[in-house]
There are 2 protein chains.
Amino acid sequence: MDMTQQDSLKGSSLYDTMRRDIVFGRLPAGSKLALNGLRESYGVSISTIRECLNRLVAEGFVKSEGHRGFHVSPVTPEGLQEVAELRILLEAHALKRSMEAGDTQWEARIVAAHHKLHRMEQKMAAGDHAVRETWKQYDWEFHQSLISACGSAELLFLHGTVFDKYLRYQMRVLTFRGETAAMEHRQLLKAALDRDADTAERILRQHIAGGVTHALENWQD
Amino acid sequence: MDMTQQDSLKGSSLYDTMRRDIVFGRLPAGSKLALNGLRESYGVSISTIRECLNRLVAEGFVKSEGHRGFHVSPVTPEGLQEVAELRILLEAHALKRSMEAGDTQWEARIVAAHHKLHRMEQKMAAGDHAVRETWKQYDWEFHQSLISACGSAELLFLHGTVFDKYLRYQMRVLTFRGETAAMEHRQLLKAALDRDADTAERILRQHIAGGVTHALENWQD
DNA sequence: ATGCTTGCAAAAATCGATTTTGATCATCTC
DNA sequence: GAGATGATCAAAATCGATTTTTGCAAGCAT
């Protein structure tokens with residue numbers, strides 16, 4: 001069991017943990033991030049915590065004001081719409097590029113990613129909500145695989161951040177939209193394999209817009 | 001002369017300074033960022049330096065690998081093209097939104113911003129290369145003002161980072177492209193005031209693509 | 001001579017302590 | 001009694017020191 005170099009750094013693994021804790025709502029939106037509290041709960045020193053928080057500030061998951069410490073970025077209906085619009089903009093563009101350039105390797109990747117996602121969607125549909133986090137992980141991997149042949153590392157980087165911001169809003173919703181989403185995922189896979197760019201973009205827009213509507217209808221403060 | 005709260009934090013002002021130093025090439029692409037060296041040259045402690053570097057890592061201006069420290073992100077022709085494509089994607093979208101929503105206040109802002117930029121362009125054309133940095137500052141403010149009415153803080157935030165990444169590539173070029181750029185700025189202002197979205201997007205694409213070509217033709221390792 | 005191991009110095013990552021700042025509460029004045 | 005002023009405490013920002021890791025070089029073996 002050899003660890004990769006990054007994992008041996010407390011800072012990096014802490015960063016992954018805290019980022020997930022924010023995205024999946026274990027650190028609630030707007031909550032204060034008291035340095036001493038974090039030091040205890042994560043078991044690292046204040047300096048390491050601060051380095052991590054500064055990275056999250058740069059990405060926009062955490063806000064810091066003056067000498068008043070750190071807070072998890074708040075969520076607002078406007079924020080959801082802004083992030084969703086950005087996700088559509090970036091992902092639709094990347095998807096188009098990816099469908100132009102993708103080879104058979106790429107096709108294999110998206111088929112494999114969809115299969116994993118599909119299995120989780122079945123479990124979720126059967127009522128097994130314990131796999132919620134894995135399900136969203138595979139959701140990410142599927143969308144990521146679709147755009148993975150776009151040829152722009154910068155675009156993939158930006159999309160990753162925006163996707164997670166969007167995901168944070170989705171994780172706040174407790175009710176299930178899996179049936180519709182699962183169908184859209186199938187349609188998306190088919191359109192990608194058929195290299196039908198127009199259909200793919202249409203389904204993607206519908207997929208994301210549907211998630212926004214669903215989140216807004218079930219909004220809770 | 002009262003300082004705003006953020007300026008009284010060494011971390012924040014250091015961040016601004018280092019970010020500019022990278023964008024304007026005073027910290028050359030690929031160069032090693034030795035912590036002890038930085039501590040001396042910027043006059044703050046290692047911890048503060050590290051907090052700052054971590055923010056720059058999250059934005060992509062600095063790379064950090066394992067236990068081997070920090071480096072300024074390298075520049076490549078592919079990177080330039082990726083960043084330029086992203087700038088076009090984000091800025092064109094924001095510009096369209098801004099032109100739909102902009103009121104008279106917005107018109108006043110873009111006219112004022114263009115005037116400041118125009119004055120610097122005149123100085124540059126007259127051979128005063130000392131104002132190079134101010135010129136680019138006003139260039140940023142003009143483009144920023146154009147999209148300032150887009151209504152999405154997230155979009156403006158993302159665009160700000162991408163713009164600076166693009167700017168870093170432009171600052172490597174020593175020869176002058178001011179005449180053409182100045183004309184495009186005028187056309188952009190006119191199209192925005194006329195609410196001619198198609199023309200504005202066409203000019204913007206041309207403006208950025210022209211910068212890419214110019215940078216690639218004068219590339220230096 | 002080449003390749004491998006081992007030891008040393010330099011540098012990064014992490015930590016605990018110090019300094020500075022903001023907030024709260026009590027006290028004083030009008 | 002209300003508002004202003006000052007003291008006290010908690011928390012954040014910064015710093016210097018410690019621990020850990022790496023890269024290099026010298027020595028040994030083949």
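In what follows, chains carry the letters A, B, and so on, assigned in the order in which the sequence lines appear, proteins first and then strands, with residues in each chain numbered from 1. For the numbers below, each heavy atom of this structure counts, side chains included, while hydrogens, waters and symmetry mates do not. Note that the coordinates shown come from a computational prediction; the quantities given were computed from them, not determined experimentally.
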Starting from [atom2] on [N], measure out to [atom1] on [X] and report it in whole angstrom.
X: L9(A); N: dA12(C); atom1: CG; atom2: P; answer: 13 Å
X: Y42(A); N: dT14(C); atom1: OH; atom2: P; answer: 16 Å
X: H71(A); N: dA12(D); atom1: NE2; atom2: C1'; answer: 12 Å
X: L35(B); N: dT21(D); atom1: CG; atom2: C1'; answer: 14 Å
X: R39(A); N: dA12(D); atom1: CZ; atom2: P; answer: 11 Å
X: I46(B); N: dG16(C); atom1: CD1; atom2: P; answer: 18 Å
X: E51(B); N: dC15(C); atom1: CD; atom2: P; answer: 14 Å
X: L53(B); N: dA12(C); atom1: CG; atom2: C1'; answer: 12 Å

Below 4.0 Å: OP1/OP2 of [N] and any side-chain N or O of [X]:
X: R50(B); N: dA13(C); value: yes
X: K32(A); N: dA12(D); value: yes
X: R68(A); N: dA12(D); value: no
X: K10(B); N: dT20(C); value: no
X: T48(B); N: dA13(D); value: no

Select one nucleotide: of dT21(D), dA13(D), dT14(C), the one nearest the side-chain heavy atoms of H67(B).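 Minimum distance to the H67(B) side chain belongs to dT21(D).
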Is the shortest side-chain N to carboxylate O distance from R97(A) to E100(A) below 4.0 Å?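 Salt bridge flag = yes for E100(A) with R97(A).
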If we only count heavy atoms from C-beta on, is the K116(B) to F142(B) side-chain gap below 4.5 Å?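 They are not in side-chain contact.
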Heavy atoms, side chains only, cut-off 4.5 Å: are L146(A) and E91(A) in contact?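 No, every pair of side-chain atoms sits at 4.5 Å or beyond.
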Can E217(B) and R177(B) be said to form a salt bridge (Lys or Arg N to Asp or Glu O under 4.0 Å), step by step? CA-CA 12 Å; E217(B) 281 171 355; R177(B) 196 185 152 263; over 6 Å; no
Quick one: sort the H207(B) and H143(B) rings into parallel, tilted or perpendicular, breaks at 30° and 60°.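 Because their plane-to-plane angle is under 30°, the rings of H207(B) and H143(B) count as parallel.
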Answer with base, sugar-phosphate or nothing: what part of the nucleic acid does S47(B) contact at a heavy-atom distance below 4.0 Å?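 Answer is base: heavy atoms of S47(B) come under 4.0 Å of a base.
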